[in-house]
Amino acid sequence: MDEELHVLAVDDNLIDLTTAENGLRALEYLGLGDPQQTESLTTNSVMKVNLIITDYCMPGMTGFELLKIVKQESSNLKEVPVVILSSENIPTRINKCLASGAQMFMQKPLKLSDVEKLKGHVLNCRS
């Protein structure tokens, strides 16, 4: 039987929103939030994820800040691929994210070729 694939999508835009509305909420889902603020979450609600897709610009915490926490402060999430999305094409921002461990940096709106690249990463996450 195939193992389920879990992707955490983080975006503050309600049209694009899939799972978490901001970086702080994503950290809660991942079990990395402030214990005082996440007491309402049960152990069962902490997600095991195979891929994190996050918007770069969000209130409260940027996708870059989320990336740094996932890659530097969590031993069990360090290997989870993180894809950063942004509507802005800023080379320094892209380079900073890639240098900090992002698997990919993709510009919104996504094109079909971008979705194909993502599909490849999702399939690689299963193995």
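The first residue in the sequence is number 1, and the count goes up from there. Quick note: numbers below take in every heavy atom, side chains included, and nothing from hydrogens, waters or symmetry partners.
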query = Lys71 side chain to Val80 main-chain N or O, any donor-acceptor pair under 3.5 Å?
reply =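 Judged by distance alone, yes, a pair lies under 3.5 Å.
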key: side-chain contact (heavy atoms from CB on, under 4.5 Å) partner of Leu30, chosen from Leu77, Asn76, Ile69   =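 Among Leu77, Asn76, Ile69, the one meeting side-chain contact (heavy atoms from CB on, under 4.5 Å) with Leu30 is Leu77.
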query = Testing Thr54, Leu24, Asp55 for side-chain contact (heavy atoms from CB on, under 4.5 Å) with Leu66, which one passes?
reply = Thr54
note = For Glu65, the side-chain contact (heavy atoms from CB on, under 4.5 Å) test, sequence neighbours excluded, returns Met61, Thr62
key: For Lys78, side-chain contact (heavy atoms from CB on, under 4.5 Å) partners two or more places apart   = none
Please table the atom pairs, donor to acceptor, closer than 3.5 Å between any side-chain atom in residues 88-99 and protein atoms at least two apart or in another chain.
residue, atom, partner, partner atom, Å
Glu88, OE1, Arg93, NH1, 2.6
Glu88, OE1, Arg93, NH2, 3.4
Asn95, ND2, Pro91, O, 3.2
Lys96, NZ, Tyr56, OH, 3.3

task = Any chance you could measure Arg25, atom CZ, to Leu8, atom CG, to the nearest 0.5 Å?
result = 10.5 Å
query = For the atom pair NZ (Lys111) and NZ (Lys117), what is the distance rounded to the nearest 0.5 Å?
reply = 7.5 Å
query = Do Ile84 and Met106 come close enough that some side-chain heavy atom pair is under 4.5 Å?
reply = no
query = Any side-chain heavy atom of Leu51 within less than 4.5 Å of one from Ile53?
reply =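 Heavy-atom side-chain distance check passes, below 4.5 Å.
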key: side chain to side chain donor-acceptor pair (under 3.5 Å) partners for Ser87, two or more places apart   =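 Side chain to side chain donor-acceptor pair (under 3.5 Å) check on Ser87 returns nothing, list empty.
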request  = Indicate yes or no: does Asp11 engage Lys108 in a salt bridge with an N to O separation below 4.0 Å.
outcome  = yes
